[in-house]
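Report on the structure given below.
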Amino acid sequence: MIELVMSLMLWISTATGWPIPEPPTITYIDNRQEMFLMSHDCDSKPNQPVCETYDETQTNILGLYHSLTGTIYLSKDFWWASTKDQSILLHELVHHMQYNRDYKYYKSLCKGNVEKEAYDLQEKWLKKRGLTLEKTIDLGPLMRHVLTRCEFF
């Protein structure tokens, strides 16, 4: 596991010039609902309308990075040998490296800009393997555009 994390961080560093930080903690999440609730910070802000509208068919959160704890959350079904799952880990490692490179700058960016950089690097990594975000994680151009707009967040 640590070998994959380090090799992905080395790839990100080579592609960006960013320094390689200490590896993050990796925690596995049991179900999609828990991942959804965590992604919307429903424990500390339970009165948000989005926290009451969980719909498993509409949720496609594949991983999360929590910058304050340096933890990446992945599905309990994460498979280390899967290119798809490796690309999800790479995406979250980009966030870990963004934060560790300059946390004040990271926190000043809108979430769309943070996501755009991570998706761009994930796409570049997948392209070297003959894949795309659309084929691998079912992220088409329209949804990618929505997720990387600052007005969305």
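All heavy atoms count here, side chains included; hydrogens, waters and symmetry mates do not.
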Test item: Ser108 side-chain N/O and Tyr105 main-chain N/O as donor-acceptor pair under 3.5 Å: yes

Heavy-atom side-chain proximity of Trp18 to Gln98 below 4.5 angstrom: yes

Linked, directly or transitively: Leu62 and Met1 (ILVMFWY side chains, under 4.5 Å): yes

From CD (Glu123) to NZ (Lys127), nearest 0.5 Å: 8.0 Å

Test item: side-chain donor near acceptor, His95 and Glu115, under 3.5 Å: yes

Salt bridge (charged side-chain N to carboxylate O under 4.0 Å, His left out) contacts touching residues 76-86 (sequence neighbours left out): none

Smallest separation among heavy atoms of Glu134 and Pro141, with atom names: OE1-CD, 3.8 Å

Side-chain donor/acceptor of Ser7 to backbone N/O of Glu3, under 3.5 Å: yes

For the student: nearest non-hydrogen atoms of Glu22 and His96, plus distance: O-NE2, 2.8 Å

Side chain to side chain, Val5 and Met9, heavy atoms closer than 4.5 Å: yes

ILVMFWY cluster, Ile72 and Trp79 together (side-chain gap under 4.5 Å): no

Thr27 OG1 to His66 NE2 distance, which is reported to the nearest 0.5 Å: 11.0 Å

Closest non-hydrogen atom pair between Pro19 and Met97, with its separation: O-CE, 3.5 Å

Geometric class of the Tyr28/Phe78 ring pair [parallel <30°, tilted 30-60°, perpendicular >60°]: tilted

Side chain to side chain contact (heavy atoms under 4.5 Å, CB included) partner of Pro24, the single match among Thr71, Thr69, Leu89, Leu93: Leu93

Ile20 and Ile12, any side-chain heavy atoms less than 4.5 Å apart: no

Side chain to side chain, Cys110 and Arg149, heavy atoms closer than 4.5 Å: no

4.5 Å side-chain heavy-atom contact, Gln122 and Thr136: no

Ring geometry between Tyr119 and His91 (parallel below 30°, tilted from 30 to 60°, perpendicular above 60°): tilted

N-O pairing of Lys116 and Asp120 below 4.0 Å: yes

Distance (rounded to the nearest 0.5 Å) between Tyr103 OH and Lys107 NZ: 10.5 Å

Worked check of side-chain contact (heavy atoms from CB on, under 4.5 Å) between Trp11 and Leu121: CA-CA 10 Å; Trp11 184 90; Leu121 286 164; 4.2 Å; yes

Val94 side chain reached by Tyr65 side chain, heavy atoms, under 4.5 Å: no

Separation between CG of Leu4 and CG of Leu90, rounded to the nearest 0.5 Å: 9.0 Å

Gly63 to Glu92 - nearest heavy-atom pair and separation: O-OE2, 3.1 Å

Atom of Met6, atom of Pro23 and distance for their closest heavy-atom approach: SD-CG, 4.0 Å

Minimum heavy-atom distance Thr83-Trp125, with the two atoms named: O-CZ3, 3.7 Å

